[in-house]
Structure formats: structure tokens, C-alpha cells
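Each remark here refers to the structure printed beneath this line.
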Amino acid sequence: MSGSLTDDSLASAGQLRLTWLRFKRHKLAFVSLFIVILFYLVAIFADFLAINDPHAVDARRGYLPPQAVHFFDSDGFNPHVSGMKGQRDMKTFKQVYVPDPNKKLSVTLFARGYEYELFGLISTDRHLIGLAKPELLDGIYLLGTDALGRDLFSRVMVATRISLSIGLASVSLSLVLGILLGGISGLYGGLVDLFIQRVIEIIRSIPTIPLWMGLAAALPNTWSVIQVYFAITLIISLIGWTELARVVRGRFLALREEDFVIAAELVGASQFRIMLRHMLPSFTSHVIAAVSLALPAMIISETSLSFLGLGLRPPAISWGILLQDAQNVQVLAGAPWLLLAAVPVIVVILAFNFLGDGLRDAADPYG
Amino acid sequence: MNVLEVSGLSKHFPIVAGILRREIGRVRAADDVNFVIEKGKTLALVGESGCGKTTVARCILRALRPTAGAIRFAPDDERMIDLAPLSRSALRPLRRHIQLIFQDPYASLNPRMMVGDIIAEPLVVTGVPGPEREARVRELLDLVGLPAVARLRFPHAFSGGQRQRIGIARALALNPRLIVADEPVSALDVSVQAQIINLLLDLQDRLGLSMLFVAHDLGVVRHVSDRVAVMYVGRIVEVAPTTELYATPLHPYTRALLAAVPKADPEARDAITAPRGEVADPANPPPGCAFNPRCPFVIDRCRQDRPELVEVAPGHLSACFRATELMA
């Protein structure tokens, strides 16, 4: 750091630019940022990316193994999948599938499929890929199907929406609670602080799974998918806010003693102005970092709750619900592809953790 | 006339323990402190770390509420207001008249604000309209010797000395009557220290500022102050005009501090006569004179009675039983 008054670009760079410059140096976090963005794009365009109706049931194609798309045949470039023929294995009475050499199903972009509403507004039936001439029982099953013949790939796409949005919703709720209670705790101190801190310690000392089980069991059976969704969000964020409240309180306590805050007080600035102009900008970056570290925990929470059958229930589709199908060892032996639903969970959690790490390091570019 | 009259100022911090926050003792950070600052003059407040000089400064700025005593301040030539009992809201209109220059030029500037906004903040708070503000910021930057483009940059683009200039510009923005400088140069390089000291002297001349200059050694103080007050464990032990204090120190502690000032003479390698022992604990000061365990001139009376600050020579006060003997 020098007093060179000629180097203009860095000298007049604001906090956002400095944070960005520092963040970019963290390669892993930088890559993770794109992965996370990709996942949220999938969540937004889930139905467009899905190939088959994720709810469509057909027992005649249960446990169909993953199919590959072939790009070339004897005539040159011609993306297609082979048609599958179901047969009974007469020894085991198991349904087995063999490719039908006579049936070649062409794949095209922007094909017509099931109807859905893009962004919940625009009614359309276009999908990224699909069969050129769809007929009954034909389809592309990139990740195979489950027991009821539902397309796993399409279900993973649609599940991304619920699993990622429940994380966001829980974090937003925790953030409101955390900033409010952490702020009060840090700003007023004294007995209020003492009380809030003890409450946080008590909440954090309760084992989470039994607590969730108790709360989730209290949800009435008759509730609709939407109601359960919000109830689960509430349950998850009830615990998640404690960590954020601690971060906010810590920042408040530290900032109160900062010289530049005292300087503002000494010129007669109001409390409100000090909070808005001096304190808030100094801890937003820390809060963002804390949020990106809290998000994966929320996503895991939803997944494990649903996996245990305590969270969302079918017909809702989330990663946890997809993994529920993979609970049984016998099923897994016959249809190991059902475990593929765990891959997006692992990838997104890792990406969020790296992203949070990078953000935390970059949060204070002046440190 | 006096700009500031401090009398009987005490600040005690309670030591609490247990859940019920029972008070088990007190740190007497400042105890019965008295001094005045004349208009346009500088008083230096000197003492080792932990002697309470910063506490006194923060009480005058009313960043702390004093336990006892009066801080009478003249915001203009007519009024004299006691700041000690005032509430937060009653203080706000008076704050503009007393401003602080911080010790640490790195922590005292908000890294997220542009220099122009930092200097303009006091103006915004007091409701100065936009165009006037802009002109005033340029004027202030010029006053402290920084180019006008500096206002579009962030503090991280500046060196320690330049940052301290920005801090000074902010302190001067509202034309204060009294500047409290809390060790304004102790965090800077020696070469930069001189620049900042000269700037302060120059500004004091031009603007007729009164100043309380807090320092931890007697080295820099000689050049800035008209009078010097020496503090030890929360109390003032000697006050005198600067030249007189350096010529005839009338308290053993002042002597020790003077001996600790490094001399720019490689031949003068006399033995360092640093006071023995540690600074007394302000939560548990020794009986009698707080300096008695370290004092080379200690007599029995020093261990029983506490010497009051009395005028030994005209304008020269000392809190030592043997002050008259030291004069000889």
C-alpha cells in the first residue's frame, strides 16, 4: 500500500470491486460459484430440462436401466435412442429390457412433451430434448426409471427446484430472525444479550434429528404439499437462525468499538445514521458469507428429513424423496441407478461450502 | 479566557463478578483531575500507558460519562456549559465544537467510504447543503495539504501520514473550538511525525484553535504545547508551562519521564534512569503517593499521606512533598 496518487483504478475501487478481485483469486470458490448458478438455473428451468412427465406412472417400464443417446448411426449424424422391449426372465420372473434393433427413436431439440407452465406463467409443452415422434411407451430415460416407471432424470430436475428453494426460503427466514435477535443482542447488551445468548445455547444443545422428528410428526396428515413445504421451512430455520444471530451479534460488538464509528458519534450523527452508513455496510459481506455457509446445512436438513419420511411427502418431489426409493438394499441391488439422485446433493453441498469459504475470505478486503 | 475548565473529574470503572454483576472493586482510571485550557493554547497531557490520559480525553469528548466532577466548556465567547451531566440528546448540538484526532489513522477512517464522504460527514450531520459541502471539502483538503482529487479515493490508497491528514480535515470540518488530539503521531514514522506536528501548529496559528494534546512521552510535547500536565495512575502530578517543566521538573516522575526522552547525541550515553518497577495498578493503588514504590526520593510520609497538587512556583503545580527541595 503506497500513497501513490496516480494509480487511479485501485485507489477509487469500492468495496464491491475489492471483494470481487479477492474472491476471484480463490479458484475453487470461483468455479463453485458457476456450479451454484448452474444449479439454480436448473431449478428455474426444471420442467424445460425434464424429458418425461415426472409424475407419469407406467408399470410396464418399471426399473428400466439408464439409456444412452447415440449420436451417429450408419447414415451419419442422427441422434437417437434404441427402443426397449420388456421381457420376463423366465428363471427369475424379473422384468428385463433388451434393445429392440428394429426400433430407432430420433431425438431432437425443443421437442414437444408434457404441458407445464414456465415461471408458473407461460403455458408451454416445449422441452430441451425429446423424441421427434413420440408414441405411447416410448421415451428417453437417461437415468433409468423407478419402481413405478417414472423417469429418474426428469424427477431429479424437478426435485432440484424444491430442494434448492427450500434451502433459500429457510435461510431467508433464519436471516430475518438472526439479524433481528443478533442485532438486539449486540446493540443493547446487558440482560437482553444474556437472555438471547442462553436461548441460543439451549436450542443448539438439542439434538437436531429427534427435535425435527417431533416437530415433523406434529404436522397433520391432511396438509397439502404447499402447507407441508412451508412447515418444513419453518422447522429447519428454527435452528438455523442461531448461527447467523451469533455472527451478527459479534459484528455489532466489534463495530461498536471501531474508531470510525466513534468518530461518527462524536460529530453528532444519529444512531440510525451510524447503523445505516457505517455498521451495515461493514457487515453485509460477513452475513452473505455466513448465509452461503448456512445454505448447504439447510439443504442437507431437508434431504435428510425427507429421506427419513419426516419431511415432504409424495407426490412432492425432492432429493430426499428420490433417495427414499434407494433405502432398500434389495432394490438397490437390482436398480443401482436410483442412487444417482445423491450426486446432485453432494455436488451442490460441496460447491456451496467452497463458495462460502471463498466469500468469507473475500468478505473483508481491508483485513 | 478559558475554553475548557475541568475540575474534580473522576472516572471509575467498576469491576464486576458473577451472574448478579456484583461490584467487587473499582479501577480509578481518572481521579480528581483538574486543569484548564486557555483559548488558542495547547495543554499537553502526558503519562505512561494506562495512566488514564485517554480516559480523561474521552470524558471531555463525552464518549464516556464521568463518575464525578465538572467539565465546563465554552462553545462560544458567552456561554460556559458543564458537559458532565448532559444527556446524549443534549450533547448532540454541542459535539461539533469539540473534535477528536485519533491515534490510529487506519482504524479511524471508514474503509468503505470515499475520503470526500468521510470529510463531509460532519457537514451532512449538521445539515450543510450539498454544493456548500463540496466547496468546504476542497477547502479542507487544501488546508491539510492534500490534492482535491483525494476526495474521490478510498482510504486504502493513502499512507499513514496522509490518512492522519484526512482525519485532521474531518476534525476541522465544523470549525471546532477545541481539538482533542489523542496521541496523533505515535502511530506514524518519525519523519512523518514532524510533518503532522508542523501541520497542527500551523493550523492552530491560522485558525486560533485550542488543543488538548495527549502523548505518552515528553519528546514531541515540547514543540506543541504551552503547558504540560503530567499524569500518573489517574491523577495529575505536575502542571507547568512547557519551558519551565523541561528546565525544572518538580516531581520525581516527571524527572524520570524526561530522562527517558532519547537524545539525538551519540556521545550522550548516560545510564538510562528509567523508574524502577511497574506502573501501579489503578484498581489497587499503593497507600499515600501512588509513585512511592518507584520513587528515588521517597520518605516515610509518602507511604501514608497523599500529596495534593499545590502551586510550588508561580504557575507551576506539583503533587510532591519534596517539591521545594527538588527545586534547589
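Model, not experiment: these values are computed from the prediction. Chain naming here is simple, since letters A, B, ... match the order of the sequence lines and numbering starts at 1 in each.
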B/R151 side chain to B/A148 backbone, donor-acceptor under 3.5 Å: yes
Heavy-atom donor-acceptor pair, B/Q204 side chain to B/L209 backbone, under 3.5 Å: yes
Which bit of [X] is near chain A, if near means a heavy-atom gap under 4.5 Å: side chain, backbone, both or neither?
{"X": "B/D117", "result": "side chain"}
{"X": "B/R170", "result": "side chain"}
{"X": "B/V115", "result": "neither"}
{"X": "B/L61", "result": "both"}

Side chain, backbone, both or neither of A/Q271 within contact of chain B (heavy atoms, under 4.5 Å): side chain
Side chain to side chain contact (heavy atoms under 4.5 Å, CB included) partner of B/R72, chosen from B/V6, B/D82, B/V3, B/L83: B/D82
Heavy-atom pair with the smallest gap, counting every atom of A/A290 and A/V247: CB-CG2, 4.1 Å
Residue pair A/R198, A/E201: steps toward the salt bridge (charged side-chain N to carboxylate O under 4.0 Å, His left out) verdict: CA-CA 5 Å; A/R198 295 302 86 77; A/E201 272 156 28; 3.0 Å; yes
